[in-house]
**Student:** 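Can you keep this structure in mind? I'll have questions shortly.
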Amino acid sequence: MENKTILVSGGAGYIGSHTVVELFKAGYQAIIVDDFRASSERMITGVQDLIQTDVKVYRIDICDKDKLEEIFASNKISGIIHFAALKAVGESVEEPLMYYRNNLHGLINMVELADKYGVNNFVFSSSCTVYGEPKGTRKVHEGTPIGHTPSPYGATKQMGERILQDCVNSSKLNLAVLSLRYFNPVGAHPSGLIGELPNGKPNNLMPFVTQTAAGIREKLTVFGNDYNTADGTCIRDFIHVVDLAQAHVSGLEWLSTVEGSNMEFVNLGTGKGTSVLEIINNFEQLTGVKLNWEFGSRREGDLEEIFAETKKAEELLGWKSKLTFKDAIVDAWNWEQKLMNE
Ligand code: NAD
Ligand code: WQD
């Protein structure tokens with residue numbers, strides 16, 4: 001039988017856990033490698049409850065190459081989805097070396113071992129942050145030039161893509177890579193068994209909204225109301241995490257058709273922009289919960305508006321988002337309520 005065992009680094013995290021569920025649903029086996037620095041064992045319980053199977057979990061730091069190699073040596077791995085990374089933009093400005101060490105060292109270990117053990121299929125978690133501040137367009141496609149990204153976090157994604165491209169170009173490695181550029185992942189599994197577990201005070205909008213509604217945060221501040229958009233607030237492409245997770249399965253299917261070395265970059269978004277105020281208003285309407293919020297000043301480094309051109313995802317991967325930001329609001333709130341009742 002065809003070997004379909006996928007090593008999922010960061011598989012206990014937000015996007016990783018949802019992806020592991022979709023992998024099992026699609027007939028893959030997943031091995032989770034995570035040191036739980038930004039996640040919790042409850043995610044594993046949630047995943048196992050959902051798929052009704054035990055998942056193999058290795059609790060190691062992927063920067064420890066010897067320990068990582070033991071996993072490659074003792075399992076027959078057919079592909080890698082590499083989520084494990086630190087992701088807080090603000091923290092990366094304060095702790096640049098921690099970000100460069102973790103995100104790049106982890107990636108390099110993973111690629112070296114993929115090469116040594118003949119694992120050719122590699123999915124990399126990239127981000128729309130690689131576009132920096134795209135000039136003259138708000139809808140970005142994969143050919144939009146890589147821009148200046150102010151944060152070390154963003155730089156690790158640009159450098160990660162560059163490292164992978166250089167490996168693909170080298171005649172010494174045989175590697176097929178798919179770099180998935182996520183826009184703004186939001187929501188939770190509709191079962192309420194897994195979802196986002198921010199470390200401390202959330203930086204992202206959706207967990208801040210649900211935590212404010214839950215009374216964990218006193219007030220939500222909307223960063224700026226004087227942008228050149230219909231309601232004055234920023235516009236983003238909010239993509240449901242279950243849709244995003246399914247795109248990884250489509251990505252693996254595509255990788256399995258690639259012969260020799262190759263690398264593609266694919267945006268994962270809905271193709272539609274939604275404003276911060278639309279998120280707040282829809283949250284109140286859909287949940288019936290009044291949010292305590294106010295306008296504040298702009299947040300440094302925020303783009304006015306950015307959303308994805310999604311044609312390439314459709315053409316190359318046969319993937320298209322199905323859920324909406326409204327589904328994500330309902331599912332994120334359902335998850336937050338589960339956490340409140342524990
Ligand atoms: P997350 O923090 O929930 O998950 C990352 C997981 O990686 C965590 O479980 C953490 O414990 C693990 N990890 C980190 N460093 C590790 C190491 N050295 N060894 C072992 N495990 C380690 O984050 P997420 O939102 O699920 O993001 C997953 C990936 O997607 C990241 O690479 C992130 O940069 C990227 N991404 C996320 C977003 C977003 O908004 N959530 C957007 C674009 C890209
Ligand atoms: C969305 C909008 C804020 C919080 C970040 C990373 C990006 C990618 C996705 C990883 C913005 C506004 C937010 C709040 C607010 N991650 N906001 N009040 O900044 O688009 O992208 O996550 O790769 O790299 O930069 O997402 O959720 O932080 O903000 O008004 O308390 O919500 O100003 O307009 P962002 P976000």
Side-chain angles (χ1 to χ4, degrees), residues 8-19 32-40 43-44 58-64 67-68 81-90 92 98-99 101-103 105-107 109-110 123-132 149-151 153-154 156-157 160 179-186 194-199 201-209 211-212 217 219-225 227 229 233-239 241 244-245 248 268-269 274-277 279-280 293-307:
V8 184
S9 79
Y14 174 44
I15 306 170
S17 57
H18 289 80
T19 301
I32 293 178
V33 181
D34 201 304
D35 65 0
F36 293 85
R37 75 180 63 198
S39 47
S40 142
M43 258 347 167
I44 305 298
Y58 291 93
R59 193 185 189 106
I60 63 141
D61 179 349
I62 58 162
C63 293
D64 184 333
K67 290 213 177 107
L68 187 58
I81 306 182
H82 180 53
F83 291 106
L86 295 167
K87 65 164 182 179
V89 174
S92 78
M98 183 168 92
Y99 272 68
R101 174 175 291 281
N102 192 57
N103 294 5
H105 190 178
L107 171 67
N109 280 349
M110 203 59 85
V123 179
F124 177 60
S125 287
S126 189
S127 165
C128 64
T129 194
V130 300
Y131 295 113
T149 169
S151 75
Y153 165 74
T156 68
K157 292 298 169 191
S179 182
L180 297 176
R181 294 173 173 166
Y182 315 151
F183 279 65
N184 290 63
V186 284
I194 51 172
E196 191 165 8
L197 273 183
N199 244 351
K201 196 171 166 188
N203 300 301
N204 296 116
L205 177 65
M206 189 67 89
F208 213 105
V209 165
Q211 289 198 0
T212 306
R217 309 282 151 207
K219 193 180 276 180
L220 166 76
T221 303
V222 173
F223 300 136
N225 62 350
Y227 285 99
T229 59
T233 65
C234 292
I235 291 178
R236 295 288 182 273
D237 189 336
F238 296 98
I239 166 93
V241 66
L244 195 69
H248 291 74
L268 294 182
T274 304
S275 76
V276 175
L277 262 190
I279 294 287
I280 293 174
W293 69 272
E294 64 179 6
F295 283 123
S297 45
R298 289 182 175 197
R299 183 172 71 176
E300 211 189 310
D302 266 342
L303 295 180
E304 186 163 270
E305 177 172 6
I306 184 163
F307 55 101

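Both counts, for ligands and for their atoms, begin at 1 and track the order of listing. Note that the numbering runs from 1 along the sequence shown for the chain. When reading the values below, keep in mind they use all heavy atoms of this one structure, side chains included, and skip hydrogens, waters and symmetry mates.
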**Student:** Distance from I235 atom CD1 to T229 atom OG1, nearest 0.5 Å?
**Tutor:** 5.0 Å
**Student:** Select the closest option to atom 14 (C) of ligand 1 among A85, G11, G16, judged by heavy-atom distance.
**Tutor:** A85
**Student:** Are the side chain of N109 and the backbone of I62 linked by a donor-acceptor contact shorter than 3.5 Å?
**Tutor:** yes
**Student:** Run the numbers for me: atoms of ligand 1, each under 4.0 Å from some heavy atom of S126, listed by number.
**Tutor:** 43 (C), 44 (C)
**Student:** Could you list each N/O atom of ligand 2 together with any protein N/O atom closer than 3.5 Å, one pair per line with the distance?
**Tutor:**
from     : atom 1 : to   : atom 2 : distance (Å)
ligand 2 : 18 (N) : T221 : O      : 2.7
ligand 2 : 19 (O) : R299 : NH2    : 2.8
ligand 2 : 20 (O) : N184 : ND2    : 3.0
ligand 2 : 20 (O) : R236 : NE     : 2.5
ligand 2 : 22 (O) : N204 : ND2    : 3.2
ligand 2 : 23 (O) : S127 : OG     : 2.7
ligand 2 : 23 (O) : Y153 : OH     : 2.6
ligand 2 : 26 (O) : N184 : ND2    : 3.1
ligand 2 : 27 (O) : N204 : ND2    : 3.2
ligand 2 : 27 (O) : L205 : N      : 2.8
ligand 2 : 28 (O) : N203 : O      : 3.4
ligand 2 : 28 (O) : N204 : ND2    : 3.3
ligand 2 : 28 (O) : R299 : NH1    : 3.4
ligand 2 : 28 (O) : R299 : NH2    : 2.9
ligand 2 : 29 (O) : R299 : NH2    : 3.4
ligand 2 : 30 (O) : T221 : O      : 3.4
ligand 2 : 30 (O) : F223 : N      : 2.9
ligand 2 : 33 (O) : D302 : OD2    : 2.5

**Student:** At less than 4.0 angstrom from any non-hydrogen atom of S127, what atoms of ligand 1 do you find?
**Tutor:** 43 (C), 44 (C)
**Student:** Within the 4.0 Å heavy-atom shell around P185, which atoms of ligand 1 are there?
**Tutor:** 38 (C), 39 (C), 40 (O), 41 (N), 42 (C)
**Student:** Is there a donor-acceptor contact under 3.5 Å from the side chain of D61 to the main chain of D35?
**Tutor:** no
**Student:** Looking only at non-hydrogen atoms, find the nearest pair between Y227 and C234 and report the distance.
**Tutor:** CE1-SG, 3.3 Å
**Student:** Could you tell me if the side chain of I239 sits less than 4.5 Å from the side chain of L268, heavy atoms only?
**Tutor:** no
**Student:** Identify, by atom number and element, the atoms of ligand 1 in contact range of I60, meaning under 4.0 Å from any of its heavy atoms.
**Tutor:** 19 (N), 20 (C)
**Student:** Check each atom of ligand 1 against the heavy atoms of F36 and keep those under 4.0 Å away; list them by number with element.
**Tutor:** 11 (O)
**Student:** Considering only heavy atoms, does E196 approach ligand 1 within less than 4.0 Å through its side chain, its backbone, both, or neither?
**Tutor:** neither
**Student:** Please determine whether ring-ring contact (aromatic ring centres under 6.0 Å, His included) holds for the pair Y182 and H248, giving the CA-CA distance in whole Å, both sets of side-chain angles, and the decisive distance to 0.1 Å.
**Tutor:** CA-CA 11 Å; Y182 315 151; H248 291 74; 5.5 Å; yes
**Student:** Taking 4.0 angstrom as the limit and counting only heavy atoms of Y153, give me the atoms of ligand 1 inside it, by number and element.
**Tutor:** 33 (C), 34 (O), 35 (C), 36 (N), 44 (C)
**Student:** Contact between H82 and ligand 1, counting heavy atoms under 4.0 Å?
**Tutor:** no
**Student:** Find out whether V33 and K67 are in side-chain contact, i.e. whether some heavy atom of one side chain is under 4.5 Å from a heavy atom of the other.
**Tutor:** no
**Student:** Going by the atom numbers of ligand 1, which of them fall below 4.0 Å from some non-hydrogen atom of D61?
**Tutor:** 17 (C), 18 (N), 19 (N)
